[in-house]
2 protein chains.
Amino acid sequence: MVQIYKGEAPAALEAVLDPAMFKALGDPTPTALIARLGERNAPTTVTEAAECCPVDLSVVSRHLAMLRDAGIVQAERHGREVRYTVSHQALAARLRTIADALEACCPEESTCCPTEVER
Amino acid sequence: MVQIYKGEAPAALEAVLDPAMFKALGDPTPTALIARLGERNAPTTVTEAAECCPVDLSVVSRHLAMLRDAGIVQAERHGREVRYTVSHQALAARLRTIADALEACCPEESTCCPTEVER
DNA sequence: TGTATATTTGCACCATGATGCAACTATAGC
DNA sequence: GCTATAGTTGCATCATGGTGCAAATATACA
């Protein structure tokens, strides 16, 4: 369950930190699908996209739907096939928006002597 | 298990798409911790950080360690306490690096008529 | 050395999500 | 309408990871 804590992040941050997007990017199969759509660089059917990884077609279908819901890819139906497209530019723009929000939310403060702790 | 598919992403992308970072940002507790460290804006102990959310102190300790391993926060031990610091600037920089890699990897191509498919 | 505080780690439990298979729906062509 | 192809969805299974509790470790101080 994705529970949001009260006052978890500054408003601007909270608006752009989309858990769905990060969850998608944290798993290898969706990541592979994003790369696959990128290298094909053209509307790609579920069957074509499935060549990216050794998983069942239904798994690919589900992941693509998840990516669509997360706003990372777009879908268009043509007859009996559905063609997916990824906009790396759009995804990059979203990451930059988050970066902007991060820098804006909390002014940096110099710390005296940050020493790494061995793990 | 985080399995990396062969040729999952262009080299430049693969180098910056860190699953550990995205996994951390996809869960509310680590996100709340990042925000907590940001608003305090100074080295923060585990006990202080734990005020961010209604979870056991051990959970906070584990999440902070995970964030440290993911390179998102830094830790320094002072006596019996460990003080954590987050650099929003550094995190923002990493996101921008990913954005750059995304834009560089696959030249955009215009699609004819991207129509959303109802879910 | 003994005690108190701060943090980490072992362990068990539970919710979530990824997966494969089979059944189902949608569409095209006969 | 019937059949074939493309994709989605239901269901069961399994791995992962978040969580709390208790025990262990690290350090300071008496």
Side-chain angles (χ1 to χ4, degrees), chain A residues 1-5 8 19-34 36-37 43-70 73-85 115-119, chain B residues 1-5 8 19-34 36-37 43-70 73-85 115-119:
Chain A
M1 173 187 57
V2 175
Q3 172 182 345
I4 304 296
Y5 300 140
E8 163 182 318
M21 180 179 73
F22 290 114
K23 278 183 198 294
L25 293 176
D27 188 72
T29 304
T31 304
L33 284 170
I34 293 173
R36 171 79 176 145
L37 295 188
T44 303
T45 67
V46 176
T47 304
E48 289 166 340
E51 292 167 13
C52 77
C53 16
V55 295
D56 194 82
L57 184 68
S58 68
V59 172
V60 172
S61 173
R62 263 187 279 251
H63 277 301
L64 286 173
M66 180 185 68
L67 289 170
R68 161 169 50 76
D69 293 344
V73 303
Q74 286 75 44
E76 42 178 335
R77 174 176 282 279
H78 283 259
R80 52 188 158 180
E81 54 188 32
V82 176
R83 300 177 191 163
Y84 285 91
T85 312
T115 306
E116 293 286 337
V117 142
E118 75 290 346
R119 55 156 311 184
Chain B
M1 172 188 57
V2 175
Q3 173 184 344
I4 304 296
Y5 300 140
E8 165 183 317
M21 181 180 73
F22 290 114
K23 279 184 198 292
L25 293 176
D27 188 71
T29 303
T31 304
L33 284 170
I34 292 173
R36 171 79 176 147
L37 295 188
T44 304
T45 68
V46 177
T47 304
E48 290 167 339
E51 292 168 12
C52 76
C53 16
V55 295
D56 194 83
L57 184 67
S58 67
V59 172
V60 171
S61 173
R62 263 186 280 251
H63 277 300
L64 286 173
M66 180 186 68
L67 290 170
R68 160 168 52 74
D69 292 344
V73 303
Q74 287 74 47
E76 41 180 334
R77 175 175 281 277
H78 283 259
R80 54 189 154 179
E81 54 189 30
V82 177
R83 300 178 191 162
Y84 285 90
T85 312
T115 305
E116 293 286 336
V117 141
E118 75 291 346
R119 58 154 310 182

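Both backbone and side-chain heavy atoms feed into the values below; hydrogens, waters and symmetry mates do not. Per chain, numbering begins at 1; letters A, B, ... match sequence-line order.
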The contact string for nucleotides 1-7 of chain D, one letter per nucleotide 5' to 3', using protein heavy atoms under 4.0 Å with B, S and - for base, sugar-phosphate only and none, comes out as ---BBSS
ask   = Between B/Leu25 and A/Leu25, is a side chain to side chain contact (heavy atoms under 4.5 Å, CB included) present by the stated rule, with each step listed?
value = CA-CA 10 Å; B/Leu25 293 176; A/Leu25 293 176; over 6 Å; no
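What separates CG of B/Leu64 from P of D/dT19 is a distance of 12 Å, to the nearest Å. Straight-line distance from the CG atom of A/Leu67 to the P atom of D/dT8: 12 Å, rounded to whole Å. Distance A/Leu33 CG to C/dA18 P: 12 Å, rounded to the nearest Å. If you take CG of A/Asp69 and C1' of C/dG17, they are 15 Å apart, rounded to a whole angstrom. In this entry the distance linking CZ of B/Phe22 with C1' of D/dG17 reads 19 Å, nearest Å. Atom CG in A/Asp56 sits roughly 16 Å away from atom C1' in D/dC14 (whole-Å rounding). Computed from coordinates, the B/Lys23 NZ to C/dT16 P distance equals 17 Å when rounded to whole Å. Rounded to a whole Å, the CD atom of A/Glu76 is 20 Å from the P atom of C/dA26.
At distances below 3.5 Å, at least one donor-acceptor pair connects side-chain atoms of B/Thr31 with backbone N or O atoms of B/Asp27.
One finds a side-chain N or O of B/His63 lying less than 4.0 angstrom from the OP1 or OP2 phosphate oxygen of D/dT19.
Rounding to the nearest 0.5 Å gives a distance of 11.5 Å between CE of B/Met66 and OG of B/Ser61. The distance from the CZ atom of A/Phe22 to the CE atom of B/Met21 is 7.0 Å, given to the nearest 0.5 Å.
The shortest distance between side-chain heavy atoms of A/Thr85 and A/Thr44 does not fall below 4.5 Å.
Judged by atom type and distance alone, A/Arg62 reaches the base of C/dG20 through a side-chain donor-acceptor pair under 3.5 Å.
Within the structure, the salt bridge (Lys or Arg N to Asp or Glu O under 4.0 Å) test picks out the following pairs touching residues 43-67 of chain A (sequence neighbours left out): A/Arg36-A/Glu51, A/Arg40-A/Glu48.
Here D/dC21 is the nucleotide among D/dC21, D/dT19, D/dG10 with the atom lying nearest to any side-chain atom of B/Ser58.
Remark: of the listed residues B/Leu67, B/Leu33, B/Val60, B/Leu64, B/Leu64 is the sole one forming a side-chain contact (heavy atoms from CB on, under 4.5 Å) with B/Tyr84.
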